[in-house]
There are 2 protein chains.
Amino acid sequence: MSSVRAIAKSLDLSAATVSRVLNNRPDVDEDTRRRVLDMVNRVGYFPKVGARQTDVVGLAYPDEPVQTEYGSFEPALQSGIMRGLDERQYDLKFVSIHRDKDPEETYTQLFMRKGLRGVILRCFRNDHAMIQKIAREQFPMIVVAEHFDDPSVSFVRSDSYDSSRRAMEHLLLLGHRQIALAIHNVADSDHADRRRAYADSLHVAGLSVQPGLIFENPASFSAGERVVDGIVAMRERPTAVYATNPMTALGIMRRAQQLGLLIPRDLSLVGMDDSDVRSHVWPRMSAVCQDASSLGYEAASSLMQVLTDGRRHAVRKLLPTTFEVNGTTAPPASSAMGGATSGDGSVEMARKTRADAKAKRGRKSIEKA
Amino acid sequence: MSSVRAIAKSLDLSAATVSRVLNNRPDVDEDTRRRVLDMVNRVGYFPKVGARQTDVVGLAYPDEPVQTEYGSFEPALQSGIMRGLDERQYDLKFVSIHRDKDPEETYTQLFMRKGLRGVILRCFRNDHAMIQKIAREQFPMIVVAEHFDDPSVSFVRSDSYDSSRRAMEHLLLLGHRQIALAIHNVADSDHADRRRAYADSLHVAGLSVQPGLIFENPASFSAGERVVDGIVAMRERPTAVYATNPMTALGIMRRAQQLGLLIPRDLSLVGMDDSDVRSHVWPRMSAVCQDASSLGYEAASSLMQVLTDGRRHAVRKLLPTTFEVNGTTAPPASSAMGGATSGDGSVEMARKTRADAKAKRGRKSIEKA
DNA sequence: TCATGTGCCGGAACAGTTGCAGATTTTCCC
DNA sequence: GGGAAAATCTGCAACTGTTCCGGCACATGA
């Protein structure tokens, strides 16, 4: 439909100049460059090779492409994206924005140069300014695992508020009153949700948020270790902790074990899980679970809907999370001796059966792989 | 240099026909198809878009692209590949051979269609026939983490024989005489190495391989659980086990903990690690460690050497692994009471200092991320 | 024998890119 | 200020690969 030569003609230029703009070559006037880019966005141009259009989407990371520290989130996400791309036979290409982008060029130019029709953005810390700029350039995109208030930004993410509420209610019902929160120290939206759920739950239960019980750290394994150290050093120890990311939760379990702090007898733990890690520790971890694979799948298929059906309005999709009760939560040590013995029994039963069911399912899926 | 039209001319054909062959279009004679493909391989043709050559390499998986069950190996590998590709600004594209390949077309055709200059092959089970076919087609390629006897196949892999020997010697030195082996049940070369090291070490120590002590299972978490179940059910239990892959090792640790079997007191364990998982469990796991990130880096840079310098002969590179003594290995329970108390003490010391050093390094690298 | 169909291929027109040359403007020096 | 040199900017033409359409040759059937 719209070719380089067509755009050139409509602007009274040569195809060569338009091509130069698209590839961010030097030696083109700033004014004509802007005019060309405007037109490119207006007509929704995308490059074709020969006469065949190229069906490639990018998975873009702001900095380093793959962070191993994020545990199994990235592989699961990628797997889901590939599943989503399958249906229409799109290809996937890695892009590191930080490395490949020329400071002088726009994001549209960068993505065009890479031959991309659209891009799935993995947005980490505070890349919001960049993301919004990309959205404003109208390049087909979708952000995965992050929330934006800006209505022009498309995103798919998990809604962990509800599950976090249920996790907290579970702890409260078991009798915990001193509940710590181990949370990421940079404010992405997922963690904001979880913090809000923590505060709301306490509020509804008539309790107040104690700043001393909130541990803000990077989302890392060692952060979990530090949380345990902090708890142990306290005069009035909390009896439970909600760790809002998987690595921190694992760090907590390991350090507790190292120090002889028994989970769940001495400390109850609700963690977070992106895949199957919760059943790879003992006791099996009670956790808020998000499905990173589905996240990738939804992002990919939403993006392709934009590309093929040409829908213009932003996509904002929330995927549910689940709260799974397993072996790291129990009544606090003091109240275990107290009144609610029958209640404990029933909780114990419910937990056990659910855990067993999970175990079976988990094993089956593993052996299939 | 060599274009579609040039090839066409040398064969007395039209550019259209050559293009049809490269894209596996129907309506082209079987004989001319073969002639074109021969010529394409001979002159080392690769597609350019416009007049500019495309700098893209593929990361090809035979079946499903990313297996989350493989733990942190895949992300680490990808990260290394991206590092290797950085230097010459190549791009990386995902390819699932099983999904995208037309049964009628050659592998060269497939990769050409995807616009790839070369391909890094992640070869899982018994894909050797496919790999050899690709190598025979002369398409620039390199296999990662797998060995081939065929001298025409390039590969980069870790050599785990030496470290496995050292691991076994460590166990033998501690006094273990009944050592079990938990190994992958399909014969890839890595696991063949480890099995050979196991047998050789026993032989040198004057012991014989007992078939009852070898557990062959898929490389999965649940396999590790089954190994522990098997050991517990035995009349004469082994006092140590060498698990040749990370997930199985983790499964062993978890199941042991679940059953109240104390590691290393009741059972010593040497595991395997692709990244940092060994320090995410307690006790920290003694393990044979391979560096998946370096593996990816070496594969990528070797491939680019082939692409740019045009070297023809196959690359066969072995990366060393290390054996790290940590907290899951100790003298067997019986001999601990016996004579070698001083020896135990020194081993205990050595282990402790090395573990601490590792802990510091580990923490630092985590906080940098 | 003639009509129709099928397999196979080439020409032309399309896609995007780049080298070279020309045109215009700016800079600089006397 | 005038003129020369340099820098900037743009277009033409020639190059990539791909697809559509038409034509040739051969086979098949009535």
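Order of the sequence lines fixes the chain letters, A, B, ..., with proteins taken first and strands second; residue numbering starts at 1 for each chain. What you see is a predicted model, and the numbers here were worked out from it, not measured in a lab.
Between A:T17 and D:dC9, a side-chain N or O to OP1/OP2 separation shorter than 4.0 Å is absent. Proximity of B:Y45 to the phosphate of D:dT16: no side-chain N or O atom is located under 4.0 Å from OP1 or OP2. Proximity of A:S3 to the phosphate of C:dA15: a side-chain N or O atom is located under 4.0 Å from OP1 or OP2.
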(message) For B:Q78 and A:Q78: C-alpha separation, side-chain torsions, deciding distance, then whether side-chain contact (heavy atoms from CB on, under 4.5 Å) applies.
(response) CA-CA 12 Å; B:Q78 285 174 19; A:Q78 286 174 19; 3.0 Å; yes
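Two residues are said to be in side-chain contact when any heavy atoms from C-beta on lie closer than 4.5 Å; A:P62 and A:H98 fail this criterion.
Atoms CG (A:L22) and P (C:dA15) sit 14 Å apart, rounded to a whole Å. Nucleotide D:dC9 holds its P atom 9 Å from the CZ atom of A:R33, rounded to whole Å. The nearest whole Å value for the distance from the CZ atom in A:R5 to the C1' atom in C:dT18 is 12 Å. One can place NZ of B:K114 at 14 Å from P of D:dT18, the figure rounded to the nearest angstrom. In this structure, B:D31 places its CG atom 14 Å from C1' of C:dG7, rounding to the nearest Å. When the C1' atom of D:dG17 is taken as reference, atom CG of B:L13 falls 16 Å away, rounded to whole Å. One can place CD1 of A:I7 at 8 Å from P of C:dG16, the figure rounded to the nearest angstrom. We find that CG of A:D27 is positioned 17 Å from P of C:dG22, with the value rounded to whole Å.
Note on B:R157 versus B:D190: salt bridge recorded, some NZ/NE/NH1/NH2 to OD/OE distance being below 4.0 Å.
Positionally, the nearest nucleotide of DNA chain C for B:E30 lies more toward the 5' end than for the other of A:V18 and B:E30. Nearest-nucleotide mapping onto DNA chain D: of B:A16 and A:T32, the residue sitting toward the 5' end is A:T32.
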(request) Can you run through DNA chain C from 5' to 3' and write each base as (, ), [, ], | or . depending on how it pairs? Watson-Crick or G-U wobble, both distances under 3.5 Å. (result) ||||||||||||||||||||||||||||||
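Distance alone, capped at 3.5 Å, is enough to place a donor-acceptor pair between the A:S301 side chain and the A:Y297 backbone. A donor-acceptor pair under 3.5 Å is absent between the side-chain atoms of A:S302 and the main chain of A:A299, judged by distance alone.
The base of C:dG16 lies outside donor-acceptor range of the side chain of A:R20, with no N or O pair under 3.5 Å.
With rounding to the nearest 0.5 Å, the separation of NZ in B:K317 from CD in B:E298 is 4.0 Å.
Minimum heavy-atom separation, B:A135 to B:S152: CB-O, 3.9 Å.
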